[in-house]
Structure formats: structure tokens, C-alpha cells
Amino acid sequence: MSTRSATDLQGFRTRLLDNAVTVGALLLWALVLAWSSTRWVGRTQYAILFLGGILIVYLLNEAVESMAAEDYVDLLLLVACGVVMVLATVYIFTNFEDMYIQRQGWALEHEYHLAWMVVAGILYLTWRSYGKVFLALVGGAMLYALYGFMVPGIFSHAGIGTNYMLQMLITDLAGFYGSLTGLTAAWIAPFLLYAGLLFAYGAFDLILRLAIVSAKYIESGVAQTAVLSSAIIGSINGSYAANAGMTGSFTIPTMIDSGLRPRTAAAIEGTASTSGQVLPPVMGASAFVMASFLQTEYINIIIAGLLPAAILVLSIIVAVHYTSIKEVSSQEMHFEDFFDEELTRADKIVEGTRFGVPFVVLIVTLGVYQWTVPTAALWTVAVMVTLGITTPVLQSVYATATGKRPSHVELGESWESGVRSTFRPVRRHAVVDTLIGEIGNTIGGFRRGAVILAPIAIILAAVNGVVDLLMTTGVPSKIALMLMDISGGVLLIAAILGMGVCIVMGIGMPTVAAYVITSTLVAQAFVTDFGVPEVAAHYMVFYAAVMAGVTPPVAIAVVVASGIAESNFWETCATAITIAAPLFVLPLSFIYHPEIVSTSIGTDSLISAGIILLGAFTIIYGLNYPFEFKRKYRIPVRFVLFWLGAFVMVYPGWTAQLAGAAIFALVFFTEKVVTKGWRSPVRTGTN
């Protein structure tokens, strides 16, 4: 065979696999939407089909890259995993009643063999998706469950048998097929389909347009563009590392071009990507898991997260402003650098309606009508698809009738990664072209949603197995005893130690996986042993786990951002920590001021949140404000202001907190007067 023929054959195979990914994604979403509307089987049985389906989509998507790279060993491993998952899904689904109801606690010999193959496949996919760190966590949990008798000290246990471990992980339909997989299938999946459609229809391009507009009116507008876009996108995609790579690819070069040092640009992007994980209504998919763990309505979790998210985002905005004005030289951001043309006012209204109405449907169905999450998500997706297709078509009809060219065509370009040129318009007729293009966008959105969802489904399935093993071996209660013993029963010391555990456990993990692990290991200790309200304890470990994104020596979000900026990692980490400093104190505020994470916001919640925000501003001002007096004075002032701000954020008493805030106000205004005096003509002349 000639070289050209071989290349053509290789390209055909790659395209065939690529189309298989799209078809697989469409079939998966057909399953998800059908179950959301009919509940035709129970959640556990549905989760079996869902996990098998999403893993097949993931394997096909990975196989496209392997085929393109001509890595046939990797392709063979993917095929082997695919065969195992298909066999396991078909067998378990068809024998569901026998395995789940009649034979709980034991399995047939061939089922144990099948379970081993599924475990091996999940371990391989875990390594492939998240690397050695998470593989070590899953594999380590399995080894600890089997050989815990070899561990010295408080964490020693008798060990469990191999068959019992396989029952826990596979054959009893717990573990990898357990509650978190069911939650992913029922709650998280429809929301990530919504996210995929937002990408496909161009919602995030619209966000970028709004961010660019802000640069015209705010001195630090270029840097704030990164904060806005990264925070919003980060809330949906559930991974600060992926978010830093996605938005950082255009925000970091733009910030550097405006005069920011590479380390500063990377630090801002890393911090914004990390902080975005805590933003309602998705919170990196953790909101759904938290609602399930706390057995409360999803809307209650969103309400509880509003004030903390506002405190964090506002403080980071101020920190980014102070940091960037020291360096930035140009605030010019031009639409032509990103888009072919600006939107007219009418286009802005249309696009705002196109994306705003589905979001309103989501909020109303969840918050007002109290529908279930799958039902609310189903209606949101339906409205999004309807408006996503019909709005541009109606614009084209209007443009054809009036002779004007619509500008919406430039918005929806993100679908191209999932749907190839097969779906591109060929300029037969403007309305027909638009319809074909938006159908292509929709298909691409379905595909993108599945691709985003797949790693989350894998990680939650693996984490579910880890959690079950750790619960069986009594690790949470042992950590609680350890915290009580080391802290001597002092809540502040225990909280600081607990935060340290959360940061360590959050290293290298996506947000939702970090939350699941830390809430299992740490949160309950504060509830049972220290009397901390459940919501406050869970938010504390959630925020602490998110801190891993900017905490050295790993700091995954900073690693990605500094790689794009080609900056020194340690210098970038130092800058990121000064920007995100309130994040390291805010979890303690939840412990001593649980009213700010209450499921009902009242006067006390607002007052406490306002005072804590002043404390956060104190920290930000102390660490980031470009003081103009000598270095020997700056260092002690920054040190004192940091601890003053931490005191205001944490101390459990409004009087003392307000006194601390008053001291900050005195320092703030005194600095303005002193600086003005140093800049006076008399002072300048004497120098």
C-alpha cells in the first residue's frame, strides 16, 4: 500500500471513530433525558447503564487521539477496557434483580472474575484521566482495606477479604456503582449537558464580550476580564486545572500584553480558576453532591453558598485591582482581537434573552416550584435547545426580509471540536444555512457535554469506591479521634488541622472528588465532636479542599497557568497566595459564623457577611496594596493588617470585629493622608 493510501485510510479510521463519539454522545443523552422524563427504571439500575454508556463515550474519544497518533498499544488497551465495560454493563443490567436483591453479600465465581476486570478497567481509566496521584489514592485505599493489619497505630484494622472488597466495589452494586454514580447520572449529567450547550451556542463568547467592555471603565479591566470569565466558566466545568488551561489560553497573553508580568498574569488566572469552583449554582458539580449528603433541597445549598461566594469574589476582584495597577501599562482591549465584529444593541438583547430565559427557567423550577433536580434540568435543557436553534433562525428570517446580515453567526464556534465540516453551511440560503449551522451547534453541544461529563463520572465512580472502603475500615472516626487528641478539644486548632487535611486530600483532584473525600473524612468530626452545624462543616471542608488549587507544592491551577505564561512556578504561587489570601481564612469563618452559610439568609447573615468582607478587604489591602513608604515600614504593616483581617473574619463577636474593622479604616485613611503629604510639592522639593 502506498504512503498516501495508508494516510487516507488512517484519516478515514480517525473520522469514523470521531463520528462514533458523536453518535455515542447522542445515544447517551437520549438515555439521560428519557430517564429524567419517565423514570422507567430505578436509579441504581439506571446508573448501571449510565456508567457503561459514559465510559464507552470516553473510551471512543480517547481512541480518536490514539488512532491519530498511531499509538496502537494504547488503542488496544482502550479496546480491552471497552469490551470489559460492555460485558459488565450488559451482564449486571440483565441480572440486576438477582445480584442486587437476591444475592446481596455473595456472588458467583465468574462474577468475581468479572469484578476484577472492572476494577482493573476503572483503575486504568482513573490513571488515564487524573494521573498517578489519584491512582495512588484509589489503589492505596484498596491496599489499605486488604492489609490494614500491617498499618501501625490508630489507623490499624483487621483487614477485609478480597471477595468482600469485590462485593463492596462491584457485585453488590455499591462502590463504583453506588450512590455517587447514581447522583452523577440523575443530577449532574443534565446540568453538564446544559453546560455543553452553553459552550456550543456561544454563551461564553458573550461573557468574554462583556468582560472586554468592562476593561474600558475599570482601571484593572484587563485583569478583571480573567476573573469574570474564569470564575463563571470554572463554576461549571468542575476542574480548576482544566479551567486555567481553557480560559488562560487567551486571558494570560492578553494580560501580559497589557503590561502585567507573566507571574502576575498566571497568578491571577490560577486564583480566578480556583475561586470559580465555589460559585453557585453549580459549584463545580459539588452543590449536587452536598445536597445529597445533607439530605436537603438543592436550592438550599445554593442559598447557603451565595454570601461566601460573594465575599470571596469581591475580595479577589479588589486584590486583582491592587495587584494589576502596579504593573499594567495598557488597558486597550479590542474586539477585533477576539471577534470579527461587535454586536449591535438589538443583538445583545437577543443573545441575553437566548441565554437568560433558560437560566430563569432553572431558577424558577428549582427555587419557586421546588421541582426535582432532574426535572428542572430537563426543562432547562429543552428551553435551551429550543431557543438555541430558533433564535438565530428567526434572526436570519428577519435579516433576509430586511436585507441586513445578522451577527450571531460568529458566536457559536465552540461546536467545531465535536462536529466536523459535514455540518457546515454551504451558502444555499441564509435561513437554511443558519438552521443547519445551529443543528450542528446543538449536536456539538451534546458531544461536548458528554466529553466534559466523562472524567467527572469516572472520578466519582472511583471516589465512591474509595469512600465505601474508608467507611468500612473506620477511617473517618479515627481522623476525628486524631483531631480531638492533637487539638486538645480546642475548636480553632482542630479547624486549622482539619483544613490542612482537606488541602492535602484535595491535591490533584477535581473539585467534586476533593469535596467527597474531605466531607467523608473530616466534616462529620466537626459535627459530632464540636457541635458545628452540618452545612457550615461541609462548606468549611469544601472551601478548604478548593484551596489545593493554589497551595504549593502542587497547586495544579498555578502549574497550568504558569506553564502558559512561562513564569517561575514558585514566584507565581507566592503571588497567587497573596491574591487568594482570604480563601485561607474564610473556612474558619464558617465555623465561628455559621449564619453566613445558612440555608435562609436573614439580617444576622448579612451583617456577619458584611463584617467578614471588611476583614477580607483588610487582608487584601495589607498584602496587595502598593504602599509607597519604605520597605522597612511596609513589611510590618502588611503583617499586622493580615492578622487584623484574619481576626475580623474569624472572631465570634460583632463588637470586637467592628473594632478591628475600625482600626483598618483608620489605617486606610491615614495612609491616604500620609501618602498625599509625601507627594506634596514641599516634600518633593526638600527631597
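What you see below is based on every heavy atom in this structure, not just the backbone, and it leaves out hydrogens, waters and symmetry mates.
A donor-acceptor pair shorter than 3.5 Å can be found between the side chains of Ser66 and Asp74. Under the 3.5 Å distance criterion, with hydrogens and angles disregarded, no donor-acceptor pair is assigned to the side chains of Thr372 and Tyr298. No side-chain donor-acceptor contact under 3.5 Å links His538 and Tyr543. In this structure, a donor-acceptor pair under 3.5 Å is absent between the side chains of Arg354 and Thr391.
With Asn95 contributing its side chain and Tyr91 its backbone, the two residues share a donor-acceptor pair below 3.5 Å. Side chain of Asn464 to backbone of Phe176: no donor-acceptor contact under 3.5 angstrom is found. Looking at Ser37, its side chain does come within 3.5 Å of a backbone N or O of Ala34 through a donor-acceptor pair. The backbone N or O of Tyr515 sits nowhere less than 3.5 Å from a side-chain atom of Ser286 that would complete a donor-acceptor pair. Between the side chain of Asp468 and the backbone N or O of Gly175 there is at least one donor-acceptor pair closer than 3.5 Å. Of the possible donor and acceptor atoms, none in the side chain of Asn61 sits under 3.5 Å from a partner among the backbone N and O of Val57. Not a single donor-acceptor pair under 3.5 Å links the side chain of Gln102 to the backbone N or O of Glu97. Remark: side-chain polar atoms of Arg103 are not paired, donor with acceptor, to backbone N or O of Tyr100 under 3.5 angstrom. Checking side-chain atoms of Tyr539 against main-chain N and O of Gly305 turns up a donor-acceptor pair under 3.5 Å. The closest donor-acceptor contact from the side chain of Trp35 to the backbone of Val41 lies under 3.5 Å.
The 12-atom threshold is exceeded at CZ of Phe96, counting heavy atoms of other residues, nucleotides or ligands nearer than 6.0 Å. Applying the 6.0 Å contact sphere to OH of Tyr112 captures more than 12 heavy atoms from other residues, nucleotides or ligands. With a 6.0 Å radius and a threshold of 12 heavy atoms from other residues, nucleotides or ligands, Trp379 has its CH2 atom at or below the threshold.
With contacts defined as side-chain heavy-atom distances shorter than 4.5 Å, the pair Ile188/Leu460 qualifies. Contact check for Ile459 versus Ser129: no side-chain heavy atoms found under the 4.5 Å cut-off.
The aromatic rings of Phe288 and Phe191 sit tilted relative to each other, their planes meeting at an angle between 30° and 60°. Classified by interplanar angle (parallel below 30°, tilted 30° to 60°, perpendicular above 60°), the ring pair Tyr46/Phe50 is tilted.
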